[in-house]
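Shown next, in structure tokens, is the structure this report addresses.
Here the structure is a predicted model, which is why all the values come from computation and not from measurement.
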Amino acid sequence: MAGESAAARSRLQANGAVKPLLHRLLAAQDHPDPHTLSIACTAAWALSNLLQDQSQAIKEVFAVAGWAEGLIHLLATSSSLELLVETAWVLCHATHSKRDANRLVHLGLIPPAMQQIRACTVQACSGEEGMLAVLGLLTPLLRTVANVAAMGGHDTCSQLLSPPACDCIIAMAEVCLAGEDAGLKAEAARLCASIAAMPCRKGEAGGHKGQQALQPLLPALLTVFVNAELHAQREAAYAFANLLAAKEPEDIGAVGIAQMLVQEEALAALQMGLRDGAPIQGVASHILQCITVSDNAM
């Protein structure tokens, strides 16, 4: 019912469905019996549907003592793929708020998220069957980390842009950007865009920390921008726009990225994006402006 419509979600929320569902989900902590686990999986599925567009429902979740610690514990310890998937979707909705994204990071969200992403990377690299097995989990995991990167503060920046989390993100994003699944390409490119826009921009050796972290992914991002379907292309365009938005025009990383984007195929994609009514018209225009600034700095 919660997945049917906004009206159904509002009716369920108004009749008190949120807190009982959350309690059923949290009951699955610490090796539940099969019956409790089955109920928890269904409760998490219903809860993630309820939270899609219900700010009031999310507030009810936040009002339950121990909700954040419980969800992080489930992500870290559950051996049920189904429960991990639905828990990751609940976390995805919970990280749309800057305050709560930072709270979840403070309570330890990033290490178990990286643990699960690392496990998915290993399985995805084992072949097509391995990728299919983790597809359902990767989407909410990547989206959750992208939300945290977009909403997080200094603590988030220091964790995501440093080993081991940074290495884990780069490895998974590389697999997704080079893979066949259009949805995962878009999610990985969105994660790159969020990292590129993080507030802690200055690297220890100068330049943009996001540029430094994402440097190994630039060729794959460029391929997505030139050749991928629209949704993934748009996210890759935002990633490049954010990477080019360095504070000083003489920034070396920005100049190198600008040089990549004036290659024939990339420039053709930008020019196509400038057409009236094109979905990426605004971001394509911004990228070309940044390229002009970088050209003047060379």
Handout entry: Verdict with supporting geometry, Glu187 and Arg143, salt bridge (charged side-chain N to carboxylate O under 4.0 Å, His left out)
Key = CA-CA 6 Å; Glu187 296 296 343; Arg143 198 170 297 183; 2.3 Å; yes

Practice task
Using the rule that two of Ile, Leu, Val, Met, Phe, Trp, Tyr join whenever any of their side-chain heavy atoms come within less than 4.5 Å, decide whether Ile117 and Val122 are in one cluster.
Solution key: no

Problem - Euclidean distance, Leu244 CG relative to Ile257 CD1, rounded to 0.5 Å - result: 5.5 Å

Problem - Taking every non-hydrogen atom, the tightest pair across Ala173 and Leu217 - result: CB-CD1, 3.6 Å

Handout entry: Check: Leu47 and Trp89 side chains under 4.5 Å, non-hydrogen atoms
Key = no

Exercise for the section: Could you check if a side-chain atom of Leu270 sits within less than 4.5 angstrom of a side-chain atom of Phe225, using non-hydrogen atoms only? Expected result: yes

Handout entry: Residues, nucleotides or ligands: over 12 heavy atoms within 6.0 Å of Glu69 CD
Key = yes

Problem - Contact check, side chains of Cys41 and Leu37, non-hydrogen atoms, under 4.5 Å - result: yes

Problem - pair Leu138-Met172: side-chain heavy atoms closer than 4.5 Å - result: yes

Problem - Nearest-0.5 Å distance, NE2 of residue His73 to OG1 of residue Thr87 - result: 11.0 Å

Practice task
Give a yes or no answer on whether the side chain of Ser38 reaches the backbone of His35 with a donor-acceptor pair at less than 3.5 Å.
Solution key: no

Exercise for the section: Measure from the side-chain N and O atoms of Asp33 to the backbone N and O of Thr36, and report whether any donor-acceptor pair falls under 3.5 Å. Expected result: yes

Handout entry: Under 3.5 Å: donor-acceptor pair, side chain of Gln281, backbone of Leu274
Key = yes

Practice task
Enter the distance from Leu221:CG to Leu214:CG here, rounded to the nearest 0.5 Å.
Solution key: 7.0 Å

Fill in the blank from the handout: Closest non-hydrogen contact found for Ser158 with Ser162 is O-OG, 2.7 Å

Handout entry: Inter-residue atom distance Glu86.CD - Leu74.CG, 0.5 Å rounding
Key = 12.0 Å

Exercise for the section: Side-chain contact test, heavy atoms from C-beta onward, threshold under 4.5 Å: evaluate it for Leu71 versus Leu109 and give yes or no. Expected result: no

Problem - Ser194 side chain vs Arg190 backbone, donor-acceptor pair below 3.5 Å - result: yes

Problem - Co-membership, hydrophobic cluster, residues Tyr238 and Met272, 4.5 Å side-chain - result: no

Problem - Intermediate values then yes/no, side-chain contact (heavy atoms from CB on, under 4.5 Å), Leu267 and Leu288 - result: CA-CA 9 Å; Leu267 195 57; Leu288 285 171; 4.2 Å; yes

Problem - Any side-chain heavy-atom pair of Leu218 and Gln215 under 4.5 Å - result: yes

Problem - Side-chain (Asn242) to main-chain (Ala193) donor-acceptor, under 3.5 angstrom - result: yes

Exercise for the section: Compare every heavy atom of Met260 with every heavy atom of Pro219, then report the nearest pair and how far apart it is. Expected result: N-CE, 4.1 Å

Handout entry: 4.5 Å side-chain heavy-atom contact, Gln233 and Val224
Key = no

Handout entry: Polar side-chain atom of Asp167 near backbone of Pro163 as donor-acceptor pair, under 3.5 Å
Key = no

Practice task
For the pair Val105 and Leu160, evaluate side-chain contact (heavy atoms from CB on, under 4.5 Å) and give the outcome as yes or no after the intermediate values.
Solution key: CA-CA 10 Å; Val105 170; Leu160 287 182; over 6 Å; no

Handout entry: Flag, side chain of Asn147 to backbone of Cys92, donor-acceptor distance under 3.5 Å
Key = yes

Exercise for the section: Starting from the C-alpha separation in whole Å, work towards a yes-or-no answer on side-chain contact (heavy atoms from CB on, under 4.5 Å) for Met151 and Thr95. Expected result: CA-CA 8 Å; Met151 299 290 179; Thr95 49; over 6 Å; no

Practice task
Report the distance from atom CG of Leu75 to atom CG of Leu84, rounding to the nearest 0.5 Å.
Solution key: 6.5 Å

Completion exercise
To the nearest 0.5 Å, atom CE of Met114 lies from atom OG1 of Thr121 at 9.5 Å

Problem - Under 3.5 Å donor-acceptor, Glu235 side chain and Ala232 backbone - result: no

Problem - Ser48 (side chain) donor-acceptor with Trp45 (main chain) under 3.5 angstrom - result: yes

Problem - Minimal non-hydrogen separation, Leu22 against Trp67, with atom names - result: CD2-CB, 3.9 Å

Practice task
May I ask you to test the Leu25-Ile39 pair for a side-chain heavy-atom distance under 4.5 Å?
Solution key: no

Fill in the blank from the handout: In short, Ala124 meets Val175 closest at the heavy-atom pair CB-CG1, 4.1 Å

Handout entry: His231 (side chain) donor-acceptor with Ala186 (main chain) under 3.5 angstrom
Key = no

Completion exercise
On a heavy-atom basis, the closest approach of Ala43 and Leu21 is CB-O, 3.5 Å

Handout entry: side-chain contact (heavy atoms from CB on, under 4.5 Å) between Leu137 and Cys120, intermediate numbers included
Key = CA-CA 8 Å; Leu137 179 57; Cys120 287; 3.8 Å; yes

